[in-house]
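None of these values were measured; they are calculated from a predicted model. Order of the sequence lines sets the chain letters (A, B, ...), proteins ahead of strands, with each chain counted from 1.
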Number of protein chains: 2
Amino acid sequence: MRAEPLDAETIVSATEEVLRRHGPDKTTVLDVARVLGVSHGSVYRHFPSKAALREAVIRRWLDRVREELAAAVRDPGLTPSERLRALLTAMFTQKWAKADNDPELFATFRVLATEHSSVSSAHVADLLAQIRAIVEDGIAVGDFAPGDPEVTARAILDATSRFHNPAHAAEWRSPGTAAEAEAVIALILNGIRAR
Amino acid sequence: MRAEPLDAETIVSATEEVLRRHGPDKTTVLDVARVLGVSHGSVYRHFPSKAALREAVIRRWLDRVREELAAAVRDPGLTPSERLRALLTAMFTQKWAKADNDPELFATFRVLATEHSSVSSAHVADLLAQIRAIVEDGIAVGDFAPGDPEVTARAILDATSRFHNPAHAAEWRSPGTAAEAEAVIALILNGIRAR
DNA sequence: AAACTGACAAAAATTGAAATCTGTCATCCC
DNA sequence: GGGATGACAGATTTCAATTTTTGTCAGTTT
């Protein structure tokens, strides 16, 4: 029995909590319903399946990640080079911090992200668009060498995979990581600079 | 009963065959002994443990990979830029072909490589040394901008992870991969070129 | 005597019966 | 009537009993 009427948002929050506590393998719809104090049938009124519920969780999580990233880069009066460096650095440190602070939660979200690859793809497309905007700007201003901004943005994202793709999370604990990331950023900035 | 005396090399070959047929999870020392027509005790005369046997397999596999790569790049009279491009391209196409031709075998060796990370690390160190040699040459000749060759070599390997690290094997099937690799190579070559 | 075998204990994997979970829906409650 | 419930069938997971495998070594074979 609940005072408030049950809504999708509340269910997603409860699911996140159960995932945090029990991990992706041991999280059941019954557990979620128990946390909410309702029957599991009620959960199925708002989500057609367990998979849809999990997808809603990963979607919200990636939305938050995007928001955090936007906030970190929302800084005026930087050159395109500086903005690109800031964006990449923010992307890395954000992920590294999450993976380091709560490895199990990070692993959980990695499972969900793999499970719902279309949501992850959309997230990647968003990152790509942000990089592309900076690249277009840099070319327009004459700081960056001319070229297809879409291709360049993709190349930048690909070249930095080692530092932001969760598949590499285990390597991030190695102490040289920050210096290696710095070297790759320097290489990239040199590579796109106008001559 | 066997005519020839049993040696380590023969055992490793038999293990490779069993791994190829049954995969890493279902490969037992008993299976290997059966293929050889000996008792499993004989296998333990040559290898102290199942882990050591598997390590010998992955070590030999990576040795072959290194040999193939060396053969692909053993080409005289190229500029450092051309040699670097050739090395990277060879690294990519070699791995892509293996992953594409026999995905299950590739997955098997991925398991072994993860299991025996020190062997993989040595392989990476070897690749790094090859890149470094080219970078040093390029700096000496004046084609590449001055800098620490060790750091630069590492940055090049890191920046191309997406195209050679087996953790990304699933992405290699996507049709745009070759073009994306080409864009990253172009970015890198631009980045290290002397101004 | 050098190489191999196979019995053995401890560890790990497999199996299958029982318990739990997913998703549906007829029914109930406000 | 809109929202919630819980019984139910089929799918999936769990857990303990059983089988298989690993690694050793005393004894056998050549």
Item checked: 5' precedence on DNA chain C between A:T27 and A:R45 (nearest-nucleotide basis) -> A:T27

Notebook entry, point to check: For the side chain of A:L30, counting heavy atoms from C-beta on, which of C:dG23, C:dC21, D:dG23 is nearest?
Noted result: C:dC21

Next item on the list: Start with the C-alpha distance between A:V43 and A:R45, add both sets of side-chain angles, then the distance that settles side-chain contact (heavy atoms from CB on, under 4.5 Å), and finish with yes or no.
Entry: CA-CA 5 Å; A:V43 173; A:R45 172 164 301 284; over 6 Å; no

Note to self: Under a plain distance cut-off of 3.5 Å, with no hydrogens placed, do A:R60 and A:S13 share a side-chain donor-acceptor pair?
What the structure shows: yes

Check: Closest to the A:K50 side chain: C:dT5, C:dG23, D:dT5?
Finding: C:dG23

Margin query: Nearest to the A:T28 side chain among D:dT21, C:dT22, C:dC4, which nucleotide is it?
Written below: C:dT22

Notebook entry, point to check: Whole-Å distance between D:dA4 P and A:L36 CG?
Noted result: 11 Å

Polar-atom pairs under 3.5 Å, protein N or O versus N or O of nucleotides 10-19 of chain C: list them with distances, or write none.
none

Notebook entry, point to check: For the side chain of B:S42, counting heavy atoms from C-beta on, which of C:dC4, D:dG23, C:dG23 is nearest?
Noted result: C:dC4

Next item on the list: Report the distance from atom CG of B:D31 to atom P of D:dT21, rounded to the nearest whole Å.
Entry: 7 Å

Next item on the list: Can you tell me the distance, in whole Å, between the CZ atom of B:R34 and the C1' atom of D:dT20?
Entry: 11 Å

Margin query: From CG of B:L6 over to P of C:dC4, roughly how many Å is that when rounded to an integer?
Written below: 5 Å

Next item on the list: Calculate the interatomic distance between B:F47 atom CZ and C:dA3 atom P; express it in whole Å.
Entry: 15 Å

Check: Can the ring centroids of B:H168 and A:H168 be said to lie less than 6.0 angstrom from one another?
Finding: yes

Checklist line | Nucleotide nearest A:Y44 (side chain, heavy atoms from C-beta), chosen from C:dG6, D:dT22, C:dT22 | finding: C:dT22

Next item on the list: Classify the angle between the aromatic ring planes of A:F109 and A:W61 as parallel (below 30°), tilted (30 to 60°) or perpendicular (above 60°).
Entry: parallel

Note to self: By nearest heavy atom, map B:S49 and A:S39 onto DNA chain D; which one lands nearer the 5' end?
What the structure shows: A:S39

Notebook entry, point to check: Could you go step by step and tell me if A:L187 and A:E182 meet the side-chain contact (heavy atoms from CB on, under 4.5 Å) rule?
Noted result: CA-CA 9 Å; A:L187 187 64; A:E182 185 43 52; over 6 Å; no

Check: When you look at B:D31 and B:T28, which way does the side-chain hydrogen bond (donor to acceptor under 3.5 Å, both in side chains) test go after all the steps?
Finding: CA-CA 5 Å; B:D31 288 332; B:T28 72; 3.2 Å; yes

Item checked: Side chain A:H40 and base D:dG6 donor-acceptor under 3.5 Å -> no

Notebook entry, point to check: B:H46 has an atom NE2; how far is it from atom P of D:dT24, in whole Å?
Noted result: 15 Å

Next item on the list: Specify the closest pair of heavy atoms between B:L189 and B:R85, including all atoms of both residues, with the distance to one decimal.
Entry: CD1-NH1, 3.4 Å

Next item on the list: Using whole Å, report how far CD1 of B:I11 lies from C1' of C:dC4.
Entry: 12 Å

